[in-house]
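In what follows, a structure is listed as structure tokens, so that the remarks can point back to it.
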Amino acid sequence: MQTIFSGIQPSGTLTLGNYLGALQQFVELQDEYDCYFCIVDEHAITVPQDRLALRKNIKSLAALYLASGIDSNKVTLFVQSEVSEHTQLAWILQSINYVGELERMTQYKDKSKGQEAVSSALLTYPTLMAADILLYNTNVVPVGDDQKQHLELTRNLAQRFNHRFNDIFTIPEIRIPKVGARIMSLQEPTKKMSKSDTNQKGFISMLDEPKQIERKIKSAVTDSEGIVKFDKENKPGVSNLLTIYSVCTGESIESLEQKYAGKGYGDFKQGVADAVISVLKPIQDRYEDLIDSEELDLILDKGAEKASFTAGKTLKKAKKAVGLGRVR
Ligand code: ATP
Ligand code: MG
């Protein structure tokens, strides 16, 4: 069986973008692959986090994985900082990762733009991500479109390591959904939807109340043309809503365009809101049952133990290949 690894940061409450770009495909993949799903809290601290909010978001993210349909009997669900091999391998990989290649990463450029002080961890974020993936001999990494560049770097680092030291890392493939790989902000539809966006109206949180979802979609930025048509260049707002509508209902974009031909944006936005609510409401109901359960902690304990076992074996090989420590 092939192995999958993917992570999500507990840097806020998950958005509809995280669900459609990542979580939804995880659920489909769990039957066919040996899956490692990680709550990457060490990635989250590359930008400032409130201590208590971070703690809360870690548990909340775990509950959302499960509420979305992830089965803890099939996958390994764990918290990154509870498996110390991640940062240890990241350090080794930093020794073969060039500052120039890290500075070229668009996520680094976006997240450091306009900041007074930028942590060095924000720069080496992709190296830690490479370690996350390579520790589990991962074959496939299902992520949204924004992670393409980081995945390419992971592959380069694995190849560089294998070539320079010893052939120990599997070279992972990226898997991006056909539709929904890049859900855009509702307020600035040329920018991706992000859970750490300071403008709450730009994203739909997976835990937003139905009324809130409706309000946010109704105030989503569109255009003055009044025609429901997919045209990413000229109509980014409407195109984003069409994408959301299509992924939430399974209806094709063409058939949605036909359905709303001659109708205004009011009707269309109501349709989008109803579609989103019908996807998120059942997840929210399951979330309520899980969030304070003891079961959640037991699942994460078991996950960390299982992940450590695999990660430990890979780290040992990597240290040996590089010449760290003593041979006994
Ligand atoms: P942050 O703003 O803190 O970076 P984020 O919303 O970008 O948060 P991440 O934890 O960085 O979320 O990413 C988790 C997963 O969600 C990744 O697989 C990423 O590719 C995917 N993802 C993030 N944003 C979107 C989006 N707008 N559309 C589709 N997939 C997305
Ligand atoms: Mg992100």
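In listed order, ligands and their atoms are each counted from 1.
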### Task
Could you tell me whether Ile183 and ligand 1 have an N or O pair separated by under 3.5 Å?
yes
### Message
Would Asn18 count as being in polar contact with ligand 1, using the rule that some N or O on each side must be under 3.5 angstrom apart?
### Response
yes
### Query
Does even one non-hydrogen atom of Met184 get within less than 4.0 Å of ligand 1?
no
### Side chains of Thr243 and Asn240, donor plus acceptor under 3.5 Å
no
### Query
Between Ser6 and ligand 1, does any nitrogen or oxygen pair lie at a separation below 3.5 Å?
no
### Task
Would you please determine whether Ile8 falls within less than 4.0 Å of ligand 1 on a heavy-atom basis?
yes
### Query
So is there a nitrogen or oxygen of Thr15 less than 3.5 Å from a nitrogen or oxygen in ligand 1?
no
### Non-hydrogen atom of Gly180 closer than 4.0 Å to ligand 1
yes
### Query
Can you find a side-chain donor-acceptor pair between Asp41 and Ser81 that sits under 3.5 Å?
yes
### Message
On a heavy-atom basis, I'd like to know which of Gly144, Pro10, Ser11 is closest to atom 18 (O) of ligand 1.
### Response
Gly144
### Query
Which of these passes side chain to side chain donor-acceptor pair (under 3.5 Å) with Ser11: His43, Gln49, Lys195?
Lys195
### Task
Decide side chain to side chain contact (heavy atoms under 4.5 Å, CB included) for Tyr19 and Leu14; before the verdict, give the C-alpha distance in whole Å, the side-chain angles of both, and the deciding distance to 0.1 Å.
CA-CA 7 Å; Tyr19 180 70; Leu14 295 203; over 6 Å; no
### Message
Could you check whether Tyr108 and His150 have their ring centres less than 6.0 Å apart?
### Response
no
